[in-house]
Amino acid sequence: VLFRSWHVTTSFYHQHWPTGGNPHDAARCHSVVGMEKSVLPKPARVGDIVTYTYNMISPLVSVTGAEFNDIMTPSVPGDIRTYIADTLVAPVGTANAYADTNTLTITDVNLAPAQLVTFTVQVQTANDLQLLNKVLLNQAELSKLPPEVAGPVIKSDDPTTPTSPDPTQ
């Protein structure tokens, strides 16, 4: 993978390269799809409703028919997170019946060259005191990608950390 983290602006993107170099060198990144996942509030408290924001971009190539999945797999005992009905704002694809489940799937995700796609969804965290002072991790996936865009699967990156791709806290 050529990128460490994606910092998205309203007009385009900026990359930080782990080995240095020009972050605007499109020749180095023309075929890499990037996906960030962030959460607010951070840190979340037991029982909070959190908002996940996802940013996806395909720098210079089109992507058609990709599939997005974010499964809230428990990372510690008592970690039960569920998606909240009617909170998904997604400008692309078709979402599953995610309400009150731990799985969000969006099929038929299409990205035009240099198109930034941002979507959000809210999740209810468990109101369980055994989660106090625990770090809950999660990572989304974009699959059904062709090999020329770093496919078939890429994982989301937490833009607040120096490593990539890494789970969002």
Side-chain angles (χ1 to χ4, degrees), residues 1-44 49-72 81 83-99 103-123 137-169:
V1 177
L2 296 176
F3 60 90
R4 184 165 72 190
S5 68
W6 293 80
H7 297 279
V8 180
T9 65
T10 55
S11 61
F12 206 60
Y13 65 93
H14 172 78
Q15 293 183 329
H16 293 285
W17 299 95
T19 58
N22 182 351
H24 301 287
D25 182 358
R28 291 181 64 196
C29 64
H30 71 279
S31 63
V32 176
V33 173
M35 180 170 55
E36 273 185 348
K37 178 182 177 183
S38 57
V39 62
L40 287 176
K42 187 174 183 174
I49 293 174
V50 299
T51 300
Y52 286 107
T53 300
Y54 308 86
N55 292 307
M56 291 178 275
I57 192 164
S58 179
L60 299 176
V61 295
S62 293
V63 171
T64 57
E67 182 172 293
F68 171 87
N69 284 291
D70 196 0
I71 301 170
M72 297 291 160
R81 292 173 277 173
Y83 288 96
I84 299 173
D86 301 320
T87 62
L88 177 66
V89 178
V92 298
T94 303
N96 68 322
Y98 62 91
T103 302
L104 172 62
T105 298
I106 301 174
T107 57
D108 297 319
V109 174
N110 299 321
L111 302 171
Q115 178 187 12
L116 168 65
V117 173
T118 299
F119 59 94
T120 61
V121 69
Q122 291 185 326
V123 171
L137 299 174
N138 178 253
Q139 197 164 25
E141 291 186 347
L142 191 60
S143 62
K144 298 186 179 177
L145 295 168
E148 60 268 19
V149 293
V153 176
I154 63 163
K155 293 185 179 283
S156 63
D157 179 50
D158 183 343
T160 65
T161 65
T163 57
S164 175
D166 61 338
T168 300
Q169 294 185 25

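Just so it is clear, the values below take in all heavy atoms, side chains as well, and ignore hydrogens, waters and symmetry mates.
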Closest contact, heavy atoms only, Ser58 versus Val33: OG-CG2, 3.9 Å
Nearest 0.5 Å please: distance from the OG1 atom of Thr120 over to the CG atom of Asn55. 10.5 Å
Under the 3.5 angstrom rule, does the side chain of Asn96 hit a backbone N or O of Thr105 as a donor-acceptor pair? yes
Checking Phe68 against Leu104 for the side chain to side chain contact (heavy atoms under 4.5 Å, CB included) test, could you report, in this order, the C-alpha distance in whole Å, the side-chain angles of both residues, the deciding distance, and whether it holds? CA-CA 8 Å; Phe68 171 87; Leu104 172 62; 3.9 Å; yes
Those residues that, when tested against Tyr83, pass ring pair (Phe, Tyr, Trp, His ring centres under 6.0 Å) (two or more places apart): none
Answer yes or no: is there a side-chain heavy-atom contact under 4.5 Å between Gln115 and Val117? yes
If every non-hydrogen atom of Thr103 is compared with every non-hydrogen atom of Tyr98, which pair is closest and at what distance? O-CB, 3.5 Å
Under 3.5 Å: donor-acceptor pair, side chain of Tyr52, backbone of Asp70: no
Determine all donor-acceptor pairs shorter than 3.5 Å in which one atom belongs to a side chain in residues 59-67; sequence neighbours excluded.
| from | atom 1 | to | atom 2 | distance (Å) |
| --- | --- | --- | --- | --- |
| Glu67 | OE1 | Lys144 | NZ | 3.3 |
| Glu67 | OE2 | Asn69 | ND2 | 3.1 |

Rounded to the nearest 0.5 Å, the CZ atom of Arg81 sits from the CD1 atom of Ile71 at a distance of 12.0 Å
What pair of heavy atoms forms the shortest contact from Val123 to Ile84, and how long is it? C-CD1, 4.0 Å
Yes or no on side chain to side chain contact (heavy atoms under 4.5 Å, CB included) for Thr94 and Thr107, after CA distance, side-chain angles and deciding distance? CA-CA 5 Å; Thr94 303; Thr107 57; 3.8 Å; yes
Of all the heavy-atom pairs spanning Phe119 and Ile106, show the shortest one and how long it is. CE1-CD1, 3.7 Å
Leu142 versus Ile154: any side-chain heavy-atom pair under 4.5 Å? yes
